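The next block holds one structure in the form of structure tokens; read it before the comments.
Everything numeric here is computed off the predicted structure, so don't read it as measured data. Naming: A, B, ... by sequence-line order, numbering from 1 per chain.
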Protein chains: 2
Amino acid sequence: MRDRPIDINRLFHALGDPTRRAILDRLVERPASVSRLAEPLGITLTAVVQHLQILEDARLVHTEKLGRVRVCRLETAGFRALEQWTRNHRTAWERKLDRFAELLSEEDKNP
Amino acid sequence: MRDRPIDINRLFHALGDPTRRAILDRLVERPASVSRLAEPLGITLTAVVQHLQILEDARLVHTEKLGRVRVCRLETAGFRALEQWTRNHRTAWERKLDRFAELLSEEDKNP
DNA sequence: AAGATACTGAAGCAACAACTTCAGTATTGT
DNA sequence: ACAATACTGAAGTTGTTGCTTCAGTATCTT
């Protein structure tokens with residue numbers, strides 16, 4: 001379960017929620033416990049844990065239990081997968097843009 | 001409504017669905033009508049239109065009605081917004097990675 | 001003009017998402 | 001040992017998604 005390949009659906013889903021992006025922004029600063037993360041969010045601990053599960057699934061966060069505290073840190077795999085996806089699609093997207101530019105300029109010639 | 005700034009929530013939400021990503025992949029090849037898009041998807045026209053609405057909201061697709069046909073094309077604004085977001089977060093992410101590398105090597109020194 | 005085509009709009013429905021509450025279970029501090 | 005802390009798990013609620021059906025309305029085509 002730990003090294004499942006990253007599911008792009010889960011990744012986009014994870015990133016689509018503002019609370020989860022807030023958690024990520026928080027973790028960019030430093031690792032934090034669940035309750036510390038919960039503090040500024042105005043939601044219950046339970047809800048935060050649920051968000052964390054989704055972020056872990058997307059490999060954007062890694063957590064580990066130390067004593068009674070669950071320490072949460074950023075994981076890079078998810079973010080790298082996003083960059084990879086974006087890069088892969090960029091080339092196709094660009095090709096298409098070039099093609100349309102062509103079509104357009106041909107239309108200009110033969111209106 | 002046309003030039004609303006792009007909402008990152010809508011953007012990620014739009015990209016989080018495989019049917020919608022399939023539509024985008026299709027439109028990278030060439031513009032298409034709603035019914036042409038529907039053909040390989042195995043869902044109703046109505047469902048496709050609903051997906052298109054979400055893609056338009058995210059500025060990933062632009063559609064325009066010509067006669068009785070709605071022609072759908074890729075729009076770049078959404079994709080560019082995604083790249084922008086990724087770029088913006090990359091720097092923060094990198095800073096953090098450096099910091100953790102530091103912390104880690106300090107731990108190595110004082111265990 | 002009449003039929004075929006290409007959507008459009010409203011309504012409904014099952015599954016899922018983001019919460020909550022409440023009742024635990026470990027760990028830690030005194 | 002005992003209380004406080006830091007979660008954990010199950011269950012329930014409310015709203016949103018991704019679909020459907022069905023009944024239109026334009027716009028071709030012949």
Side-chain angles (χ1 to χ4, degrees), chain A residues 1-2 6-27 30-73 78, chain B residues 1-2 4 6-27 30-73 75 78:
Chain A
M1 206 167 210
R2 182 82 261 105
I6 293 165
D7 176 348
I8 199 78
N9 288 320
R10 289 173 195 270
L11 182 57
F12 280 128
H13 173 235
L15 289 169
D17 182 281
T19 304
R20 285 193 288 267
R21 287 201 308 279
I23 290 176
L24 291 177
D25 287 347
R26 196 79 191 296
L27 291 178
R30 74 191 95 271
S33 69
V34 178
S35 18
R36 258 193 189 299
L37 286 175
E39 271 166 21
L41 294 176
I43 56 179
T44 59
L45 255 199
T46 310
V48 175
V49 172
Q50 284 162 9
H51 282 304
L52 284 168
Q53 222 115 53
I54 290 165
L55 289 166
E56 282 203 79
D57 267 13
R59 308 278 302 278
L60 288 161
V61 162
H62 175 72
T63 77
E64 125 192 65
K65 191 119 190 200
L66 294 180
R68 63 183 163 174
V69 177
R70 178 169 296 280
V71 180
C72 313
R73 322 166 172 280
Chain B
M1 206 166 209
R2 182 81 264 105
R4 186 189 350 80
I6 292 166
D7 176 348
I8 199 77
N9 289 320
R10 289 174 195 270
L11 183 57
F12 280 128
H13 170 65
L15 290 169
D17 183 280
T19 305
R20 285 193 288 266
R21 287 201 310 278
I23 290 175
L24 291 178
D25 287 348
R26 195 80 192 295
L27 290 178
R30 72 192 95 273
S33 69
V34 179
S35 18
R36 256 186 190 301
L37 287 175
E39 271 167 21
L41 293 176
I43 56 179
T44 59
L45 255 198
T46 310
V48 175
V49 172
Q50 284 162 8
H51 282 304
L52 284 168
Q53 223 115 52
I54 290 166
L55 289 166
E56 282 203 79
D57 267 13
R59 307 279 301 276
L60 288 161
V61 162
H62 175 70
T63 76
E64 128 192 62
K65 191 120 189 200
L66 295 181
R68 63 184 162 173
V69 177
R70 178 167 296 279
V71 179
C72 313
R73 322 167 171 278
E75 223 211 295

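Counting only heavy atoms from C-beta on, A:Ile54 has its side chain closest to C:dA18 among D:dC7, C:dA18, C:dA6.
Counting non-hydrogen atoms of neighbouring residues, nucleotides and ligands closer than 6.0 angstrom, the CZ atom of A:Arg70 exceeds 12 such neighbours. Counting heavy atoms of neighbouring residues, nucleotides and ligands inside a 6.0 Å radius, atom CZ of B:Arg36 does not exceed 12 of them.
Contact annotation: B:His13 side-chain N/O to D:dG18 OP1/OP2 distance is under 4.0 Å. Between C:dT8 and B:Thr46, no contact under 4.0 Å exists linking OP1 or OP2 to a side-chain N or O. Of the side-chain N and O atoms in A:Lys65, none sit less than 4.0 angstrom from OP1 or OP2 of C:dA26. At C:dG29, none of the side-chain N or O atoms of A:Arg68 fall inside 4.0 Å of OP1 or OP2 (strictly under the cut-off). Between B:Thr44 and D:dT21, a side-chain N or O to OP1/OP2 separation shorter than 4.0 Å is absent.
Atom CG of residue A:Leu27 and atom CG of residue A:Leu52 lie 7.5 Å apart, to the nearest 0.5 angstrom. Between the NE2 atom of A:His51 and the CD1 atom of A:Ile23 there is a distance of 6.0 Å, given to the nearest 0.5 Å. Rounding to the nearest 0.5 Å places CZ of A:Arg20 at 10.5 Å from CD of A:Gln50.
In this entry the distance linking CZ of A:Arg10 with P of C:dA17 reads 9 Å, nearest Å. Computed from coordinates, the B:Glu64 CD to C:dC7 C1' distance equals 15 Å when rounded to whole Å. B:Leu37 has its CG atom 13 Å from the C1' atom of C:dC7, to the nearest Å. Between the CG atom of B:Leu15 and the P atom of D:dT17 there is a distance of 15 Å, given to the nearest Å. Regarding B:Asp57, its CG atom lies at a distance of 12 Å from the P atom of D:dG18, rounded to whole Å. Rounding to whole angstrom units, CG of residue B:Leu45 and P of C:dA10 are separated by 17 Å. Here the C1' atom of nucleotide C:dA17 and the CG atom of A:Asn9 are 15 Å apart, to the nearest Å. In this structure, B:Arg21 places its CZ atom 12 Å from P of D:dG18, rounding to the nearest Å.
Two residues, A:Leu66 and A:His51, neighbour DNA chain C, and the one matched to the more 5' nucleotide by heavy-atom proximity is A:His51. Toward the 5′ end of DNA chain C lies the nearest nucleotide of B:Val71, the other residue of the pair A:Asp17 and B:Val71 mapping further downstream.
Residue B:Thr19 is in sugar-phosphate contact alone, with no base atom involved, counting any heavy-atom pair closer than 4.0 Å across all strands shown. Contact annotation for B:Arg36: no contact, since no heavy-atom pair falls under 4.0 Å across all strands. Within the 4.0 angstrom heavy-atom criterion, only backbone atoms of the sugar-phosphate kind lie near B:Ser35; the bases stay farther away. Among the heavy atoms of the strands lying under 4.0 Å from A:Ile43 are primed sugar atoms or P, OP1, OP2 only; no base atom is included.
B:Arg73 and B:His62 form no side-chain donor-acceptor contact under 3.5 Å, judged by distance and modelled atom types alone.
Taking 3.5 Å as the limit, the base of D:dT20 and the side chain of B:Gln50 contain a donor-acceptor pair of atoms between them. Between the base of D:dT8 and the side chain of A:Gln53 there is no donor-acceptor pair shorter than 3.5 Å.
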